[in-house]
Amino acid sequence: AQKVTQAQTEISVVEKEDVTLDCVYETRDTTYYLFWYKQPPSGELVFLIRRNSFDEQNEISGRYSWNFQKSTSSFNFTITASQVVDSAVYFCALSERETSGSRLTFGEGTQLTVNP
Amino acid sequence: DGGITQSPKYLFRKEGQNVTLSCEQNLNHDAMYWYRQDPGQGLRLIYYSQIVNDFQKGDIAEGYSVSREKKESFPLTVTSAQKNPTAFYLCASSMGDTYTEAFFGQGTRLTVV
């Protein structure tokens, strides 16, 4: 069965520090997608990125970057020069071919606090 | 504005009462989902629907029921059979194609006293 593990429950950094959020996944499927979502205090989950299992290229979007390594089943998320507005809970999620539609398996989330 | 609307934002109910949470979307998405979030935990899937008049149980469907009579609407009923209903409930929708990202509503925080 699929599983997503985010071992870091809480991370606290000072503004402008870089921070990496870890995500490790388990799946028996060869075709799958990985996602990152941000949940600010308002509660709504905001989509950040989707990555398919055949594309191991790292991706950068502004201060955000993602490192996907199939060899270690990891999909880590780095925020460069963190800001207070980055404070939120971040979820990693997995979607497999065997499941229907966009049914997602979520990790337990990492609470990131960026202090001024 | 296109999006997903959940109402109400906060809901209080007495133990033993059924309660229905509303979820409406105007994104023309085929698929809709209900997730439950408990403190310090990830989201767990309750029910999902890929087309009108059809839905499937997720990982924690016991004590919940849904309907999908319209494409835009996917209400969730928390029944008295649900042993621990106090939680944050999130509704989502997606195009329905495999692997497309889901868009979420702002959630309903249900407290049963």
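Numbers restart at 1 for each chain; the letters A, B, ... are given by sequence-line order, proteins then strands.
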Notebook entry, point to check: Can you tell me how far the OG1 atom of Thr105(A) sits from the CG atom of Asp59(B), to the nearest 0.5 Å?
Noted result: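 Nearest 0.5 Å value for the OG1-CG distance: 6.5 Å.
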
Next item on the list: Drop me the distance from Ile4(B)'s CD1 to Glu44(A)'s CD, to the nearest 0.5 angstrom.
Entry: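 So the CD1 of Ile4(B) and the CD of Glu44(A) are separated by 8.0 Å.
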
Give a yes or no on whether [X] and [Y] share a hydrophobic cluster (residues Ile, Leu, Val, Met, Phe, Trp, Tyr; joining criterion: side-chain heavy atoms under 4.5 Å apart).
{"X": "Val114(A)", "Y": "Ile11(A)", "value": "yes"}
{"X": "Val19(A)", "Y": "Ile49(A)", "value": "yes"}
{"X": "Phe75(A)", "Y": "Tyr64(A)", "value": "yes"}
{"X": "Ile60(B)", "Y": "Met32(B)", "value": "yes"}

Margin query: With a 4.5 angstrom heavy-atom cut-off, is it the side chain or the backbone of Leu43(B) that approaches chain A, or both, or neither?
Written below: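 Interface part for Leu43(B): both.
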
Checklist line | Heavy-atom contact with chain A under 4.5 Å, split by part of Gln41(B) | finding: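 For Gln41(B), the contact with chain A is made by the backbone alone.
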
Please determine whether the number of non-hydrogen atoms from other residues, nucleotides or ligands lying under 6.0 Å from atom [atom1] of [X] exceeds 12.
{"X": "Lys9(B)", "atom1": "NZ", "value": "yes"}
{"X": "Lys70(A)", "atom1": "NZ", "value": "yes"}
{"X": "Tyr10(B)", "atom1": "OH", "value": "no"}

Next item on the list: Tell me, with the steps shown, if Tyr35(B) and Leu104(A) meet side chain to side chain contact (heavy atoms under 4.5 Å, CB included).
Entry: CA-CA 10 Å; Tyr35(B) 289 89; Leu104(A) 298 169; 3.6 Å; yes

Check: In terms of heavy-atom proximity below 4.5 Å to chain B, should Glu10(A) be classed as side chain, backbone, both, or neither?
Finding: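 For Glu10(A), there is no contact with chain B at all, as no heavy atom is under 4.5 Å.
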
Check: Most heavy-atom pairs under 4.5 angstrom with chain A, which of Arg44(B), Arg109(B), Gln37(B)?
Finding: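 Going by pairs under 4.5 Å, I would pick Gln37(B).
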
Checklist line | Audit row: Glu101(B), Leu48(A), side chain to side chain contact (heavy atoms under 4.5 Å, CB included) steps and yes/no | finding: CA-CA 9 Å; Glu101(B) 62 269 27; Leu48(A) 296 177; over 6 Å; no

Checklist line | Option passing ring pair (Phe, Tyr, Trp, His ring centres under 6.0 Å) with Phe104(B) (candidates Phe35(A), Tyr37(A), Phe47(A)) | finding: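 Of the listed residues Phe35(A), Tyr37(A), Phe47(A), the ring pair (Phe, Tyr, Trp, His ring centres under 6.0 Å) partner of Phe104(B) is Tyr37(A).
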
